[in-house]
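In what follows, residues are counted from 1 in the order of the sequence shown. Predicted, not measured: the structure shown is a model, and the values here were computed from it. In what follows, every heavy atom counts, from backbone to side chain, and hydrogens, waters and symmetry copies are set aside.
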Amino acid sequence: MKKILLSFSFCIYALLCVAQNQYKITYKGTLLSSSLNARLEQEVNDPVFLQGYKDLIEGFEVQYALYVDVSKGRSILLEQKEIGLDGPPPFKHLFSFYDQAGNLYFEDLFRGKQFKVRDSPAVLQWDVKQEIMKVGNFNCRKAVLKNDPFNTVVWFCEDYPISFGPYIGAKLPGLAVLFENDYYVIKIDKITKEAFSKNIENQMNAAQKKTGISYAKYREQVAPLLKKMKTENIID
């Protein structure tokens with residue numbers, strides 16, 4: 001009986017140790033970025049119609065869960081729920097994964113076309129600024145992604161020295177709290193420590209084998225789509 005109790009206690013201890021290194025971080029993604037908001041205000045003169053269109057866009061929300069395993073140095077972002085638009089949005093991040101070898105894999109939906117990218121995070125060159133902003137209860141510092149066609153900005157929190165975040169908002173000296181580009185905003189909602197389910201481990205192992213184009217190739221392919229989009233009226 002004593003052996004059974006010792007074995008049970010060890011299992012509980014092991015699970016607690018695992019949970020201390022594993023986090024589930026929930027985020028909410030929306031379409032109304034500050035850049036998109038500014039474009040709308042330039043294009044729409046009728047304040048009633050403008051507000052109605054903003055309300056429509058704000059009604060779209062994607063809820064994500066970022067699972068971070070600090071001890072293994074890997075994370076995976078999974079969509080949990082989508083609310084709002086009937087058709088596909090102009091831009092949506094679908095999935096991202098960082099492995100222990102430092103490789104990045106992500107999937108985007110842009111103008112109805114899905115992109116699959118696999119590369120090293122070394123291709124993401126961040127310019128960390130001195131600007132500080134409080135996002136909810138988080139004291140954050142600003143980082144701007146260099147040479148990025150989407151004009152990506154991330155606000156990260158050094159109080160949480162977890163070098164992870166959704167999408168390409170990782171490998172910064174702190175947890176990515178707020179991620180924004182010209183078309184999309186992803187903001188942190190909640191952090192919890194918990195041991196992963198077998199299903200999450202399996203999805204991480206499967207993501208390890210996924211292949212895709214390089215980040216440079218991705219930027220090359222989205223360039224003409226971006227150019228066309230910038231000449232179009234948002235509300236058409």
Side-chain angles (χ1 to χ4, degrees), residues 25 27-36 39 57 60-68 74-99 101-126 143-154 163-172 176 178-187 200 203-232 234 236:
I25 307 168
Y27 291 84
K28 292 182 179 179
T30 60
L31 287 177
L32 196 59
S33 66
S34 56
S35 176
L36 190 61
R39 283 190 63 191
I57 295 176
F60 173 76
E61 180 182 292
V62 183
Q63 297 175 6
Y64 294 108
L66 176 69
Y67 296 90
V68 177
R74 63 181 188 171
S75 70
I76 190 168
L77 184 80
L78 302 172
E79 182 177 316
Q80 304 291 291
K81 188 177 182 181
E82 182 178 310
I83 304 165
L85 299 181
D86 294 330
F91 178 89
K92 187 175 79 164
H93 177 59
L94 301 174
F95 175 91
S96 57
F97 172 73
Y98 288 84
D99 67 19
N103 296 307
L104 157 68
Y105 176 85
F106 69 85
E107 296 177 10
D108 275 351
L109 182 68
F110 186 58
R111 298 305 299 266
K113 182 176 180 180
Q114 186 171 347
F115 294 90
K116 299 180 179 182
V117 180
R118 188 171 187 88
D119 213 325
S120 163
V123 301
L124 307 176
Q125 299 295 318
W126 294 98
V144 178
L145 185 59
K146 297 179 180 178
N147 305 313
D148 176 49
F150 291 100
N151 298 312
T152 298
V153 173
V154 171
S163 186
F164 291 96
Y167 191 25
I168 53 178
K171 304 306 174 185
L172 286 162
L178 177 65
F179 169 96
E180 183 171 10
N181 64 21
D182 285 343
Y183 304 97
Y184 206 56
V185 181
I186 303 176
K187 185 178 179 181
I200 297 300
Q203 290 192 68
M204 281 189 167
N205 293 334
Q208 189 91 37
K209 302 172 185 177
K210 290 179 179 287
T211 59
I213 60 176
S214 69
Y215 183 63
K217 191 70 176 177
Y218 166 70
R219 290 190 301 182
E220 180 185 315
Q221 291 186 10
V222 299
L225 298 176
L226 278 168
K227 186 177 180 180
K228 181 181 179 184
M229 194 167 183
K230 287 176 180 178
T231 63
E232 296 173 339
I234 297 175
D236 285 344

Which pairs would a plain distance check flag for residues 118-125, meaning a side-chain donor or acceptor within less than 3.5 Å of a matching protein atom at least two apart in sequence or in another chain?
unit_1	atom_1	unit_2	atom_2	d
Arg118	NH1	Lys210	O	3.3
Arg118	NH2	Asp99	OD2	3.3
Arg118	NH2	Gln208	O	3.3
Asp119	OD2	Tyr215	N	2.9
Ser120	OG	Ala122	N	3.1
Gln125	NE2	Ala122	O	2.5

Is the shortest side-chain heavy-atom distance between Leu145 and Val154 below 4.5 Å?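 Side-chain contact under 4.5 Å: no.
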Could you report the tightest heavy-atom contact between [X] and [Y], atom names first, then the distance?
| X | Y | value |
| --- | --- | --- |
| Ser75 | Phe164 | OG-CD2, 3.2 Å |
| Gly165 | Ala176 | CA-CB, 3.7 Å |
| Lys116 | Thr211 | CB-O, 4.2 Å |
| Tyr167 | Tyr98 | O-OH, 3.2 Å |
| Pro149 | Asp182 | O-OD2, 4.2 Å |
| Phe110 | Leu226 | CZ-CD2, 3.6 Å |

Partner set under side chain to side chain contact (heavy atoms under 4.5 Å, CB included) for [X], not counting sequence neighbours:
| X | result |
| --- | --- |
| Ser163 | Lys171 |
| Ser96 | Leu77, His93, Phe106 |
| Lys113 | Phe115, Gln221 |

Under the ring pair (Phe, Tyr, Trp, His ring centres under 6.0 Å) test, residues paired with Tyr67 that sit two or more places apart: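 Once residues adjacent in sequence are excluded, the partners of Tyr67 under the ring pair (Phe, Tyr, Trp, His ring centres under 6.0 Å) criterion are Phe196.
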Listed by chain and number, what are the ring pair (Phe, Tyr, Trp, His ring centres under 6.0 Å) partners of Phe97, not counting sequence neighbours?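 Phe97: no ring pair (Phe, Tyr, Trp, His ring centres under 6.0 Å) contacts found.
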Out of curiosity, Tyr218 OH to Ile168 CD1, how far, rounded to the nearest 0.5 Å?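 It is 7.0 Å, given to the nearest 0.5 Å.
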How many angstroms lie between CD in Glu180 and OG1 in Thr30, if you round to the nearest 0.5 Å?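 Taking CD in Glu180 and OG1 in Thr30, the distance rounds to 8.0 Å.
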Any side-chain donor near an acceptor of the partner, Arg74 and Asn205, under 3.5 Å: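 Side-chain D/A pair, Arg74 to Asn205: present.
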Set out, in order, the CA-CA distance, both residues' side-chain angles and the distance that settles side-chain contact (heavy atoms from CB on, under 4.5 Å) for Leu78 and Tyr64, then state yes or no. CA-CA 6 Å; Leu78 302 172; Tyr64 294 108; over 6 Å; no
